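Written below as structure tokens is the structure these notes are about.
Small disclaimer: the values here were computed from a predicted structure and weren't measured. Any value given below was found using the heavy atoms of this structure, including those in side chains, with hydrogens, waters and symmetry copies removed. Residue numbers begin at 1 in each chain, while the letters A, B, ... track the order of the sequences.
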Amino acid sequence: MNDHISILNNFFMNYLDNLIENNIASDINKKNISLDYISKNKKGHISSNFLLIIKKKIIIDNFDIESDIKTKIKSIEFVDYISVDKGFINIFIKKKYLLNQLIDILNNEKNYPNIKIGNNKNINIEFVSANPTGPIHVAHIRGAVFGDVLTNILKKTGFNITKEYYVNDAGSQIEILGNSLFKRYCQLFNVDIEIDDNEYPGEYLIDIARKLAEKDKDKWIDNNSKERKNYFENYSIKILIECIKDDLKLIGIEFDQFSYESHIVEKNLIEKLFKILEKNNLIYEGVLEKPKSDDSDDWEPRKQLLFKSSKLFDNQDRAFQKSDKSWTYFANDSAYHYDKFLRNYDKLINIWGSDHIGYISRMKSLVYSLSNNENYFNVLTCQIVRLIKNNQIVKMSKREGNFVTLRDLYNSVGKDALRYFMVSTKNETAMDFDLDKVIEKNKDNPVFYCQYAFARASSVINKAKDLNIIYSHEKDKKYLSINYISEKEWDIILKLLAYQYLLLQCSINHEPHRITNYLEDLASLFHTFWNMGNAEKSLRFIDEENINITKTKILWLQCFKVVFKNAFEIIGIEAPENM
RNA sequence: GUGCCCGUAGCUCAGUAGGAUAGAGCACCAGAUUCCUAAUCUGGGGGCCGUGAGUUCGAAUCUCGCCGGGCACGCCA
């Protein structure tokens with residue numbers, strides 16, 4: 001990035017380094033220096049608290065930091081003028097320079113925004129990973145969209161991403177699944193058999209059973225062999241994973257890799273992992289304390305293989321082995337993370353539902369014992385989504401298996417609304433998803449509001465194209481002038497130019513929701529300006545009698561479209577040319 | 001009892017490396033369309049940022065206590 005924001009940022013950092021090197025100031029935490037580039041109070045295009053921070057750190061007498069830094073900032077080529085108010089440095093940028101930045105965006109549209117903080121580092125993002133015991137439903141969707149959009153952000157900022165889905169196909173619930181399917185299958189042949197309480201009651205298993213019955217007829221009915229058991233388990237997983245893939249595809253999510261728990265088990269990674277843990281004294285035979293939960297009356301102390309996670313980030317040690325010597329879920333999951341570790345990523349990111357928050361510290365401990373790097377493994381959590389219909393919470397129960405599925409939601413609200421809303425609220429905040437509101441076509445609905453702004457902009461540009469008064473080449477530059485641009489438009493332009501910084505923040509902090517907030521602000525500025533054209537003709541985009549003014553306006557409008565299109569791509573929604 | 005997350009306008013939410021007078025949308029009230037898409041816009045009222053202390057030039061933001069809500073706390077995956 002080579003724009004006014006990053007140049008000024010570098011300026012402050014270098015200036016500070018110089019002060020310290022020359023023993024003019026003592027060291028400060030650079031993180032405290034802020035650069036406000038969408039200054040709301042309009043005291044400057046860019047504002048900084050630099051003076052406030054540095055003032056007390058000046059260690060030599062008679063050094064007039066304020067006039068010194070003012071002089072140096074003024075000498076930056078694109079700085080128009082500066083003022084200091086209440087300790088804040090307010091900098092105004094030459095408008096000519098801002099205009100040229102817009103031109104740069106159009107000249108390099110394909111590479112915009114050009115952010116390379118990732119340095120092609122390889123990151124593995126594991127998300128969704130819903131158990132293959134039923135279709136994807138509402139509890140998985142937020143994590144799915146969050147992971148997908150985060151991936152897009154990281155890719156746009158220079159990281160290489162592998163999207164991964166972990167399939168738990170080895171646990172006892174898979175046995176239950178296979179058994180549930182078998183019962184449904186038998187029912188098709190009028191065998192008198194009921195689904196038990198702890199089995200899967202969902203109708204989808206009847207459909208799968210039907211497919212199986214069509215293929216195999218009644219050949220398994222009286223078969224209780226191991227072969228039949230495996231067959232039903234594998235068949236149900238295979239079909240359900242296909243179903244999950246199809247469902248995710250509905251909202252534009254595709255994974256690079258599916259990893260299967262059963263393969264991890266086959267590879268014997270647990271043994272290898274334990275050797276490493278042994279070396280580090282992190283594994284031992286021991287007895288856990290009685291758990292603190294209410295319903296732990298039947299608990300009794302037993303000796304088992306434990307992970308010394310309390311030595312790292314956890315508040316207690318965790319079991320690798322059940323008393324019957326079989327591995328716990330945590331043991332297999334540890335092996336899976338070891339597998340990811342062996343694949344040489346620079347970083348692992350996991351996205352989990354809030355119900356797994358308590359699991360983070362043990363897995364963090366495990367991965368840390370391999371990587372010795374606290375930043376290597378990162379778990380992001382999504383809080384629950386409540387569905388609202390007719391102003392009431394939609395009730396769902398695990399027992400009844402009546403979760404609203406992804407496919408249902410897709411059918412009722414569509415891909416764009418689903419993706420936009422799932423990612424527009426901070427992932428750690430619980431949110432309500434109002435099924436009625438998200439399909440409204442008015443400003444209640446921010447998806448629509450933003451897309452409408454895009455469509456309006458497109459319609460103007462298309463019209464300008466027809467009239468041949470569009471900025472299309474460097475040679476058009478001579479027609480443009482800063483004098484044609486009103487103050488309201490500069491607000492929009494400054495905001496547009498801040499887009500890459502917004503993306504940078506989203507990338508660094510893993511916060512997709514900031515994009516939608518930004519878009520809504522920008523769309524609002526745009527709609528306001530549009531309506532000003534209703535009252536004041538000179539503010540309309542297209543004025544055939546003033547071609548140069550029109551070209552100048554269309555220039556920033558083209559950039560507006562570039563930014564919106566880019567952001568829409570990241571969120572994964574349509575950019576409609578007309579509505 | 002312990003850990004993590006959350007508490008901002010009547011409602012849904014922004015405000016994120018501590019920064020200037022805390023912002024949007026909805027709802028409510030009053031207005032704008034011979035005109036590039038009114039599916040839009042303009043104006044108005046509405047706040048002890050859960051609460052009490054602390055840190056400092058400065059706190060919605062950081063620390064601690066309390067109150068309220070959510071999630072998780074066997075060898076379930």
Side-chain angles (χ1 to χ4, degrees), chain A residues 29-34 36 39-41 43 47-49 52-53 55-56 85-88 90 131 133 168 170-174 261 288-296 298-300 302 304-305 314-316 318-330 332-333 353-361 381 383-384 388 424-426 428-432 434 437 440-446 448-449 451-453 455-464 505 508-509 511 513-514 516-518 520-521 524 526-535 537 540-543 550 578-579:
Chain A
N29 188 352
K30 283 186 174 173
K31 290 178 177 180
N32 290 332
I33 299 170
S34 70
D36 185 5
S39 184
K40 275 178 196 160
N41 48 45
K43 290 187 174 167
S47 300
S48 178
N49 62 353
L52 286 166
I53 303 287
K55 246 172 195 167
K56 282 193 188 163
D85 181 20
K86 291 182 190 164
F88 290 91
N90 297 305
N131 289 337
T133 54
N168 293 121
S172 58
Q173 59 178 355
I174 298 302
E261 185 180 2
L288 285 173
E289 281 178 33
K290 185 177 176 178
K292 297 284 195 295
S293 56
D294 299 334
D295 53 349
S296 52
D298 55 349
W299 182 88
E300 48 185 288
R302 285 189 183 123
Q304 54 193 145
L305 195 61
D314 209 344
N315 53 9
Q316 66 175 88
R318 303 291 174 175
F320 273 140
Q321 210 167 30
K322 304 178 196 174
S323 54
D324 68 358
K325 298 293 174 192
S326 66
W327 300 124
T328 60
Y329 176 81
F330 175 56
N332 281 346
D333 208 18
S354 58
D355 53 341
H356 291 86
I357 284 176
Y359 194 75
I360 294 174
S361 48
T381 58
Q383 287 288 330
I384 55 163
I388 310 289
S424 63
T425 306
K426 190 165 51 182
E428 281 172 350
T429 303
M431 79 178 216
D432 289 344
D434 191 321
K437 270 203 175 141
E440 283 178 17
K441 295 196 170 176
N442 54 38
K443 64 182 300 193
D444 275 24
N445 182 347
F448 175 79
Y449 186 75
Q451 288 178 325
Y452 183 50
R456 269 181 154 178
S458 301
S459 114
V460 170
I461 287 170
N462 289 335
K463 185 166 180 185
Q505 296 295 324
I508 291 169
N509 299 312
E511 290 178 333
H513 75 276
R514 298 172 73 156
T516 57
N517 283 305
Y518 170 85
E520 285 162 35
D521 283 353
S524 170
F526 167 80
H527 284 306
T528 297
F529 182 71
W530 177 287
N531 276 273
M532 286 166 74
N534 290 336
K537 209 167 181 182
R540 292 163 63 95
F541 285 102
I542 293 177
D543 181 353
T550 300
N578 46 60
M579 295 173 77

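- The base of B/A20 sits with one of its N or O atoms less than 3.5 Å from a complementary donor or acceptor on the side chain of A/S47.
- Taking only side-chain nitrogens and oxygens, A/K322 comes nearer than 4.0 Å to OP1 or OP2 of B/A77.
- Place A/F529 and A/K31 on RNA chain B by their nearest nucleotides, and A/K31 ends up nearer the 5' end.
- Comparing the P positions of B/G25 and B/G70 gives an interatomic distance of 31 Å, to the nearest angstrom.
- The aromatic rings of A/Y449 and A/H527 sit tilted, their planes meeting at an angle between 30° and 60°.
- Rounded to an integer number of Å, the gap from A/L305 CG to B/C75 P is 12 Å.
- Comparing B/U16, B/A77, B/C41 by their nearest atom to the side chain of A/N168 picks out B/A77.
- We find that CD1 of A/I384 is positioned 11 Å from C1' of B/G69, with the value rounded to whole Å.
- Remark: A/D432 engages A/R386 in a side-chain hydrogen bond (donor to acceptor under 3.5 Å, both in side chains) (not counting sequence neighbours).
- Pairing partner, B/U34: none, since no Watson-Crick or wobble contact has both distances short of 3.5 Å.
- With B/G18, B/U2, B/U40 as the candidates, the nucleotide lying closest to the side chain of A/N315 is B/U2.
- B/C71 and B/C64 are spaced 24 Å apart, taking the P atom of each and rounding to whole Å.
- Between A/N534 and B/C36 there is no side-chain N or O to OP1 or OP2 distance below 4.0 Å.
- In this structure, of B/G19, B/A39, B/A77, it is B/G19 that holds the atom nearest to the side chain of A/L52.
- A/N32 comes within contact range of the sugar-phosphate backbone alone, with a heavy-atom separation under 4.0 Å but no base atom that close.
- The side chain of A/H513 contributes no N or O atom lying less than 4.0 Å from OP1 or OP2 of B/C13.
- Between A/S459 and B/U37 there is a side-chain N or O to OP1 or OP2 distance below 4.0 Å.
- The partner of B/U16 is absent, by the rule that a Watson-Crick or G-U pair needs both atom distances under 3.5 Å.
- Ring pair A/F448/A/Y452 is parallel by interplanar angle, where below 30° counts as parallel and above 60° as perpendicular.
- Of the candidates B/C36, B/C6, B/C26, the closest approach to any side-chain atom of A/W530 belongs to B/C36.
- Going from the P atom of B/A9 to that of B/C4 covers 26 Å, rounded to whole Å.
- Set against B/A20, B/G19, B/C41, the side chain of A/Y449 has B/C41 as its closest nucleotide.
- Nucleotides B/A24 and B/A14, compared at atom C1', are 7 Å apart to the nearest Å.
- Which of B/C36, B/G18, B/A39 sits closest to the side chain of A/F448 comes down to B/A39.
- In this structure, CD on A/E261 lies 8.5 Å from CG on A/N131, to the nearest 0.5 angstrom.
- Between A/T528 and the phosphate of B/U42, there is a side-chain N or O to OP1/OP2 separation shorter than 4.0 Å.
- Applying the 4.0 Å criterion to OP1 and OP2 of B/C75, one finds that A/W327 has every side-chain N and O outside that range.
- In this entry B/A22 has no Watson-Crick or G-U wobble partner, no candidate having both defining distances under 3.5 Å.
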Would you please test A/T550 and A/D543 for side-chain hydrogen bond (donor to acceptor under 3.5 Å, both in side chains) and show each step? CA-CA 6 Å; A/T550 300; A/D543 181 353; 5.6 Å; no

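- Taking atom CZ of A/F320 as the reference point, atom P of B/C75 lies 12 Å away to the nearest angstrom.
- Nucleotide B/C28 forms a Watson-Crick or G-U wobble pair with B/G44, both donor-acceptor distances falling under 3.5 Å.
- Toward the 5' end of RNA chain B, the nearer of the two residues A/T381 and A/S323, judged by each one's closest nucleotide, is A/T381.
- For the C1' atom pair drawn from B/A27 and B/C13, the interatomic distance equals 15 Å after rounding to whole Å.
- Taking only distance into account, the side chain of A/N49 never meets the base of B/A17 through a donor-acceptor pair shorter than 3.5 Å.
- Of all nucleotides listed (B/C5, B/U16, B/U37), B/U16 comes nearest to the side chain of A/K426.
- Rounded to an integer number of Å, the gap from CE of A/M532 to C1' of B/A32 is 14 Å.
- Aromatic ring orientation, A/Y359 versus A/F330: perpendicular (interplanar angle above 60°, classes split at 30° and 60°).
- Base pairing of B/A9 is not made with any nucleotide, judged by Watson-Crick or G-U wobble geometry with both donor-acceptor distances under 3.5 Å.
- A gap of 12 Å separates the P atoms of B/A59 and B/A22, to the nearest Å.
- When the C1' atom of B/C76 is taken as reference, atom CG of A/D355 falls 12 Å away, rounded to whole Å.
- For B/G46 and B/G23, the P atoms lie 14 Å apart once the distance is rounded to whole Å.
- Across every strand in view, B/A53 sits in a pair with B/U63 that passes the Watson-Crick or G-U test at under 3.5 angstrom.
- Closest approach of A/P446 to A/E520, counting heavy atoms only: CB-OE2, 3.3 Å.
- Aromatic stacking is marked for A/F88 over B/A20, as both cut-offs hold: 5.5 Å for the centres and 30° for the planes.
- Contact annotation: A/Y518 side-chain N/O to B/A24 OP1/OP2 distance is not under 4.0 Å.
- Between the A/S326 side chain and the A/K322 main chain, no donor and acceptor come within less than 3.5 Å of each other.
- Side-chain atoms of A/N462 come within 3.5 Å of backbone atoms of A/S458 as a donor-acceptor pair (strictly under, hydrogens ignored).
- The OH-C1' distance, from A/Y359 to B/C5, rounds to 20 Å in whole Å.
- Closest to the side chain of A/I542, out of B/C75, B/G19, B/C36, is B/C36.
- In this entry B/G1 has B/C73 as its Watson-Crick or G-U wobble partner, both defining distances falling under 3.5 Å.
- Comparing B/C62 with B/C28, their C1' atoms are spaced 38 Å from each other, to the whole Å.
- Atom-to-atom, CD1 of A/I461 to P of B/U37 comes out at 12 Å; the value is rounded to the nearest Å.
- Shown here for A/K86 and A/L52, the closest heavy-atom pair between the two residues is O-CD2, 4.0 Å.
- When the nucleotides B/A17, B/U37, B/A77 are ranked by their closest atom to the side chain of A/Q505, B/A17 comes out on top.
- Within 4.0 Å (heavy atoms only), A/D543 reaches no atom of the nucleic acid at all.
- A sub-4.0 Å separation between OP1 or OP2 of B/A39 and a side-chain N or O of A/R456 is absent.
- Taking atom CZ of residue A/R302 and atom P of nucleotide B/C75, one finds them 11 Å apart after rounding to whole Å.
- With B/A17, B/U40, B/G70 as the candidates, the nucleotide lying closest to the side chain of A/N531 is B/U40.
- In this structure B/G46 sits in the anti conformation; its chi angle is more than 90° from 0.
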